[in-house]
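Read the structure below first, then the notes.
Letters A, B, ... mirror the listed sequences (proteins, then strands); counts begin at 1.
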There are 2 protein chains.
Amino acid sequence: MKKKTTGHTTIKDVAEYAGVSKSTVSRYINGKIDAISPEKVKNIKKAIAELNYRPSKMAQGLKIKKSKLIGFVVADITNPFSVAAFRGVEEVCDQYGYSIMVCNTDNSPEKEREMLLKLEAHSVEGLILNATGENKDVLHAFAEQQIPTILIDRKLPDLKLDTVTTDNRRITKEILQKIYSKGYTDVALFTEPISSISPRAERAAVYQEMASAQNANGLVRMYEIDVKNKEKLKVALRSFHKEMPEQKKAILALNGLIMLKIISCMEELGLRIPQDIGIAGFDDTEWYKLIGSGITTIAQPSHDMGRTAMERVLKRIEGDKGAPQTIELEAEVIMRQSL
Amino acid sequence: MKKKTTGHTTIKDVAEYAGVSKSTVSRYINGKIDAISPEKVKNIKKAIAELNYRPSKMAQGLKIKKSKLIGFVVADITNPFSVAAFRGVEEVCDQYGYSIMVCNTDNSPEKEREMLLKLEAHSVEGLILNATGENKDVLHAFAEQQIPTILIDRKLPDLKLDTVTTDNRRITKEILQKIYSKGYTDVALFTEPISSISPRAERAAVYQEMASAQNANGLVRMYEIDVKNKEKLKVALRSFHKEMPEQKKAILALNGLIMLKIISCMEELGLRIPQDIGIAGFDDTEWYKLIGSGITTIAQPSHDMGRTAMERVLKRIEGDKGAPQTIELEAEVIMRQSL
DNA sequence: CTGTTAGCGCCTTCAC
DNA sequence: GTGAAGGCGCTAACAG
């Protein structure tokens, strides 16, 4: 009956130490306490404490087919959105005893594929995915194995999956209206490549409609920029500033990353905000209010999106077989002085 | 021999479909291909592809005692340091087929304890920990089970564990020298509660030495601030600014979070940087160069710290039994215009 | 080269 | 109330 001092303690050790069978220990672990005689309960409790026993999730999982693992796959962990969403996911995971495997795809479909396969191999019970737009086949495999998958932020139209996003169209319209109502007559959109990323596409579409109706001469000015290429961004910025100098100019930055690059380049070019060009964008950071006199932006409920997504996962795990639903959370325009 | 269309495919399914035994499939999975007749190899490959088979890590893990899981526990996922370090960890994890369970403790020892126990239950093969300073007993349990644990950023003096940090003393000294050499005569330290967090303690200690030697009247001015309490911070800021107005004043912010709060409060108080008070701090963000004319700061090699920590974990997993080592990476002062 | 056997740590009938 | 037995999906000798 002496304590082992090394290696992992198993249910067998506990059983022997407590002088009962493995079954009884198992019952104890699983809370069937009032089906065990009080004395044995006491012994088992003591054994567990002294042996420092922790039931192996792997063994439990193998048996009952529940890993207590959730996969959280983000396109860019560097994006504050990802971190905020993570915290939301985490809150509800903690509450229900789930752990989170975090994967970062860097917007690379290949990396995403690897991560998804890895998560599948690890038997995650649910998946929260900020998708690149590819790997439909793997997602299909998840569906076949009944592993609930929730899309976050980015929709995948042809894949009938639960989705949590923002009301991109409405909010984009709202901010553009505010821009135009401030007298801007030449509004440009700066964006990372849209490819098939739904929020980008939706925002761009609304911009196109509104710009062609309200920009001077109906000119739609969309600049697709590779954020790694600062020089090209500067060229774009300079050319936008130079053309039609008599118009009052503003830029709508399609996400936080490109906003950062724009501000940085404008500074280097000696372009003033908002005197030379007004700016507004998506995503909010605490830093925004400290840049110049504050950056006007759209704050997404990132944290809530994470929470909501994980709550959906939970519902599915609990057996909800309802039709996939798309949940749109409300974003909010925060007016500061950059317009 | 027909394909199952639902549920998880197991090694048994593959074996039957390919007309071989489970052992042979197992051999295939584990790369012992030249110990199998070419024809069977072909059949197995085909079966795996058609059945969409992915070996269960849980079952493998149970058998060979390798979960391919790494626990990454950070005190504050919101801190850019955590994200940068994560990416470093991730890089090497990807390379070696490990997955990462990310846990956020919010600097709460209780939450940390829960997370650690959870990770232990999941049989992580290694642990990278940005510690709160408590839970030595659980860490002890990890050691007993030979689960390599690497401390990152924050040391735990009485625990002889591998540790990856920054040369806090040297770099703090360097930046303070730069501050004093710019003619500042009244330098204050603003910090979150130091408690027993090693980088904070080390930075504060160096500050105390240098301030008592070089501040006017040898005055050491340390303000311990709860970052949640903006009012108290403002009071501190105002009082620091008012006392001895004839001295040239600067603040050293002990980390990025408190820096953010300081800048924000100074703005609200109408205090100008650096005319009224010069500032410098720790941690770097891309935003720093855009605030005013740029914030002078210390950039930590966060990403490398993550990489290095994970590399250490790997060495330990591979059997390195050497004495625990403390690896100090070099930080760097980035001078901008806030001083 | 390949199949049979015996577990890994745990849970779950099924008898007692 | 309790233990013995079987099996989750996989690997690792051990015989052929």
Side-chain angles (χ1 to χ4, degrees), chain A residues 4 7-45 47-48 51-69 97 120-125 145, chain B residues 4 7-45 47-48 51-69 97 120-125 145-147:
Chain A
K4 318 196 310 177
H8 189 69
T9 311
T10 77
I11 199 173
K12 187 160 163 259
D13 302 321
V14 176
E16 286 171 4
Y17 192 92
V20 300
S21 74
K22 292 191 295 170
S23 318
T24 306
V25 178
S26 176
R27 288 189 186 98
Y28 177 89
I29 294 171
N30 294 291
K32 301 178 175 41
I33 299 188
D34 35 83
I36 313 176
S37 73
E39 187 182 2
K40 300 206 166 174
V41 169
K42 214 185 61 205
N43 290 350
I44 295 174
K45 177 184 262 172
I48 289 181
L51 262 28
N52 229 284
Y53 171 64
R54 228 91 57 204
S56 154
K57 298 269 180 210
M58 290 183 86
Q60 287 182 319
L62 186 56
K63 185 70 198 173
I64 66 179
K65 278 136 188 322
K66 291 209 171 321
S67 62
K68 284 293 178 180
L69 250 25
E120 186 189 354
H122 275 288
S123 317
V124 293
E125 285 185 57
Q145 292 173 54
Chain B
K4 318 196 309 177
H8 189 71
T9 311
T10 76
I11 199 173
K12 187 158 163 261
D13 302 322
V14 176
E16 286 171 3
Y17 192 92
V20 301
S21 75
K22 293 191 296 171
S23 321
T24 306
V25 177
S26 175
R27 288 189 186 98
Y28 177 90
I29 293 172
N30 294 290
K32 301 178 177 37
I33 299 188
D34 35 84
I36 312 175
S37 73
E39 186 182 1
K40 299 205 166 173
V41 169
K42 213 184 62 203
N43 289 63
I44 294 173
K45 176 184 261 170
I48 288 181
L51 261 27
N52 229 283
Y53 171 64
R54 228 92 55 201
S56 155
K57 297 269 182 211
M58 292 184 87
Q60 288 182 318
L62 186 56
K63 184 70 198 172
I64 65 180
K65 278 128 187 325
K66 293 210 170 318
S67 62
K68 283 293 177 182
L69 250 26
E120 188 190 352
H122 275 287
S123 316
V124 293
E125 286 184 55
Q145 292 173 56
Q146 327 257 39
I147 303 174

What integer distance in Å separates [X]:[atom1] from [N]:[atom2]?
X        : N      : atom1 : atom2 : result
B:Gln145 : C:dG9  : CD    : P     : 12 Å
B:Lys65  : C:dC10 : NZ    : C1'   : 12 Å
B:Met58  : C:dC11 : CE    : C1'   : 13 Å
B:Lys22  : C:dG7  : NZ    : C1'   : 11 Å
B:Ile11  : C:dT5  : CD1   : C1'   : 15 Å

message = How close do B:Lys40 and B:Val20 get, counting heavy atoms only, and between which atoms?
response = CD-CG1, 3.7 Å
note = Shortest non-hydrogen pair, B:Ile11 vs B:Lys22, comes out as CD1-O, 3.6 Å
request  = Kindly determine whether A:Gln145 and A:Glu120 satisfy side chain to side chain contact (heavy atoms under 4.5 Å, CB included), including the steps that lead there.
outcome  = CA-CA 9 Å; A:Gln145 292 173 54; A:Glu120 186 189 354; 2.4 Å; yes
request  = Please state whether the phosphate of C:dG9, meaning OP1 or OP2, lies under 4.0 angstrom from any side-chain nitrogen or oxygen of A:Ser56.
outcome  = no
OP1 or OP2 of C:dG9 under 4.0 Å from side-chain N/O of A:Lys12 = no
inquiry  = Checking A:Thr24 against A:Ser21: is there a side-chain donor and acceptor pair closer than 3.5 Å?
reply    = yes
ask   = Side-chain contact, heavy-atom cut-off 4.5 Å: B:Ile48 with B:Tyr28?
value = yes
message = Nearest 0.5 Å, please: how far is OG in B:Ser123 from CZ in A:Arg54?
response = 11.5 Å
key: Atom pair CG/NZ of B:Leu62 and B:Lys57 - distance to nearest 0.5 Å   = 14.5 Å
ask   = With a 3.5 Å cut-off and just heavy-atom distances, do the side chain of A:Lys63 and the base of C:dG9 make a donor-acceptor pair?
value = no
query = Between residues 23-36 of chain A and DNA chain D, which residues have a heavy-atom gap below 4.0 Å?
reply = A:Ser23, A:Thr24, A:Arg27, A:Ala35, A:Ile36
A:Thr9 (side chain) donor-acceptor with A:Leu51 (main chain) under 3.5 angstrom = yes
request  = Report which part of the nucleic acid B:Leu62 touches: base, sugar-phosphate, or nothing (heavy-atom distance under 4.0 Å, all strands).
outcome  = base
request  = Name all residues meeting the side chain to side chain contact (heavy atoms under 4.5 Å, CB included) criterion together with A:Lys66; count only those two or more places apart in sequence or in a different chain, and write none if there are none.
outcome  = A:Ile64, A:Glu125
Start and end of chain B contact along DNA chain D [non-hydrogen atoms, under 4.0 Å] = D:dG9 to D:dA13
